[in-house]
Student: 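Quick one: the structure is below, questions incoming.
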2 protein chains.
Amino acid sequence: MATTAHAHAHGTDDWGAHARLTLEQAGYRSGAARHAVVELLARQDCCLTAREIADRLHDEGSSIGLASVYRALEVLDELRLVQRLDAGEGTARFEPAHPSGEHHHHLVCDNCGVVTPFEDDGLERAIQRLARKLDYEVHGHDVVLRGACPDCHAAR
Amino acid sequence: MATTAHAHAHGTDDWGAHARLTLEQAGYRSGAARHAVVELLARQDCCLTAREIADRLHDEGSSIGLASVYRALEVLDELRLVQRLDAGEGTARFEPAHPSGEHHHHLVCDNCGVVTPFEDDGLERAIQRLARKLDYEVHGHDVVLRGACPDCHAAR
DNA sequence: TTGTTTGCAAACCTTTTGCACGTTA
DNA sequence: TAACGTGCAAAAGGTTTGCAAACAA
């Protein structure tokens with residue numbers, strides 16, 4: 001089966017190690033804040049906002065400034081280690097970008113705002129066919145489906 | 001041919017009239033600011049930011065407040081008369097949503113930021129097949145392809 | 001030691017809101 | 001006239017930046 005709304009298992013391809021290596025090879029030193037952000041992201045299946053990242057780090061006892069979270073995410077984005085996603089709520093979300101190219105897309109509930117990941121091979125194939133036809137060098141893509149999640153739909 | 005990077009012709013299905021009628025039927029009165037925003041959007045093929053809308057209206061001599069542009073867009077969005085798009089630059093973009101369901105998606109250049117519309121039937125079919133399989137009532141979707149536009153790609 | 005990273009606070013930008021005034025029905 | 005729409009200014013987020021202190025190499 002090609003479609004699943006379940007996230008894949010945690011850390012199966014060790015994104016954390018890949019990210020640390022890539023950062024080092026790009027000449028970045030290791031500091032506490034960026035390290036903590038990488039460690040936290042390595043444990044995520046789906047996207048978090050910068051504030052969510054800072055809050056979780058605080059909960060775990062780290063005192064990381066929000067600005068440092070943004071700076072870490074900026075570097076990770078430049079190195080294509082994270083995928084930035086705008087779900088339309090005015091705040092950006094970030095999730096690990098796996099070197100294998102494996103990725104998912106998102107369902108966003110118009111009503112409650114919950115974001116759910118899904119994967120679909122047919123969709124990926126259609127996008128690859130499309131990208132070949134365009135006069136553009138395509139590096140990546142995002143698909144967001146909007147609608148009513150099962151809970152909100154049932155609650156009508 | 002199913003794929004085109006060209007926008008379709010201006011106002012061929014008279015979105016402006018449709019929008020005015022929908023607004024009236026929803027009980028909205030007609031005011032200068034919202035009217036001007038609808039008129040301007042009716043002439044657009046692709047997305048504009050709120051500031052771009054206000055600036056163009058000013059250029060045309062209207063003195064429309066930016067807040068009124070946002071308020072107009074909010075109403076139009078609620079009535080599903082516009083499509084809101086986040087291209088990831090931190091500012092939302094808006095374009096007319098045609099009642100026929102005809103729509104396009106966007107290519108965003110990572111380098112220069114230019115946004116180009118495209119249409120692809122294969123992609124639409126893949127999304128429709130996918131939507132049927134999900135446990136979600138899907139109302140809409142956005143696809144953003146990111147990469148290097150022909151100019152930026154050539155300039156390397 | 002030297003340049004990088006970080007935390008804090010201030011600055012910035014987009015978007016929303018309060019309020020008084022003008023306008024529509 | 002009563003309710004709605006608008007413009008302006010202020011407020012409210014989210015994100016970026018300046019700077020001095022802490023830190024890695």
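When reading the values below, keep in mind they use all heavy atoms of this one structure, side chains included, and skip hydrogens, waters and symmetry mates. Letters go in sequence order (proteins before strands), and every chain restarts at 1.
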Student: Determine the sole option in B:Leu57, B:Ile64, B:Val69 for which the side-chain contact (heavy atoms from CB on, under 4.5 Å) test with B:Leu40 is passed.
Tutor: B:Leu57
Student: Judged by each residue's nearest nucleotide on DNA chain D, which is more toward the 5′ side, B:Ser68 or A:Tyr70?
Tutor: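 On the 5' side of the pair lies B:Ser68.
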Student: Taking donor-acceptor contacts at under 3.5 Å, does the side chain of A:Arg51 reach the base of D:dG13?
Tutor: no
Student: Say you draw a straight line from SG of A:Cys46 to CZ of A:Phe118; how long is it, rounded to the nearest 0.5 Å?
Tutor: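 Rounded to the nearest 0.5 Å, the SG-CZ separation comes to 11.0 Å.
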Student: How close or far is atom C1' of D:dG14 from atom CD of A:Glu74, stated in whole angstroms?
Tutor: 15 Å
Student: So which protein nitrogen or oxygen atoms get under 3.5 Å of nucleotides 22-25 of chain D's nitrogens or oxygens?
Tutor:
residue: D:dA24; atom: N3; partner: A:Arg29; partner atom: NH1; Å: 3.0

Student: For B:His35 and C:dT23, give me the distance from atom NE2 to atom P, rounded to whole Å.
Tutor: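 It is 16 Å, rounded to the nearest whole Å.
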Student: Rounded to whole angstrom units, what separation is found between the CD atom of A:Glu24 and the P atom of C:dT4?
Tutor: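 Going from CD in A:Glu24 over to P in C:dT4 covers 16 Å.
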Student: Determine whether the aromatic ring centres of A:His106 and B:His141 lie less than 6.0 Å apart.
Tutor: no
Student: Between B:Arg93 and A:Ala72, who's closer to the 5' end of DNA chain C by nearest nucleotide?
Tutor: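 With B:Arg93 and A:Ala72 compared, the 5'-side residue is A:Ala72.
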Student: Can you identify which nucleotide, out of C:dT14, D:dG7, C:dT6, has its nearest atom closest to the B:Thr91 side chain?
Tutor: C:dT14
Student: Roughly how many Å is it from CG in B:Leu57 to C1' in D:dG7, rounded to a whole number?
Tutor: 14 Å
Student: So that I can tick it off, tell me whether A:Asp120 and B:Arg129 are bridged by a salt bridge, with the cut-off set at under 4.0 angstrom between side-chain N and carboxylate O.
Tutor: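 Judged by the 4.0 Å cut-off on N to carboxylate O distance, B:Arg129 and A:Asp120 do not form a salt bridge.
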Student: Counting the atoms with a prime plus P, OP1 and OP2 as sugar-phosphate, which does A:Ser63 contact under 4.0 Å by heavy atoms, base, sugar-phosphate, or nothing?
Tutor: sugar-phosphate
Student: Round to the nearest Å and state the distance from B:Leu66 atom CG to C:dG18 atom C1'.
Tutor: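 One finds 16 Å between C1' of C:dG18 and CG of B:Leu66, rounded.
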Student: Starting at atom CG of A:Leu73, determine the distance to atom C1' of D:dT16, rounded to an integer number of angstrom.
Tutor: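 Spelled out: CG on A:Leu73 to C1' on D:dT16 is 13 Å.
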Student: Counting only side-chain N and O atoms of A:Arg34, is one of them less than 4.0 Å from OP1 or OP2 of C:dT5?
Tutor: yes
Student: For A:Asp142 and A:His105, does a side-chain donor sit closer than 3.5 Å to a side-chain acceptor?
Tutor: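 Their side chains do not contain a donor-acceptor pair, so the 3.5 Å distance test is not met.
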Student: CG of B:Asp86 versus P of C:dT15: gap in Å, rounded?
Tutor: 8 Å
Student: Describe the nucleic acid contact of B:Ala33 in one word from base, sugar-phosphate, nothing, applying a heavy-atom distance below 4.0 Å.
Tutor: sugar-phosphate
Student: Whole-Å distance between D:dT6 P and B:Leu23 CG?
Tutor: 10 Å
Student: Apply side chain to side chain contact (heavy atoms under 4.5 Å, CB included) to residues B:Leu85 and B:Val144 and explain how you reach the verdict.
Tutor: CA-CA 9 Å; B:Leu85 165 77; B:Val144 175; 4.0 Å; yes
Student: Going by the side-chain hydrogen bond (donor to acceptor under 3.5 Å, both in side chains) test, name the single residue among A:Glu119, A:Glu95, A:His98 that passes it with A:His104.
Tutor: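 Among A:Glu119, A:Glu95, A:His98, the one meeting side-chain hydrogen bond (donor to acceptor under 3.5 Å, both in side chains) with A:His104 is A:Glu95.
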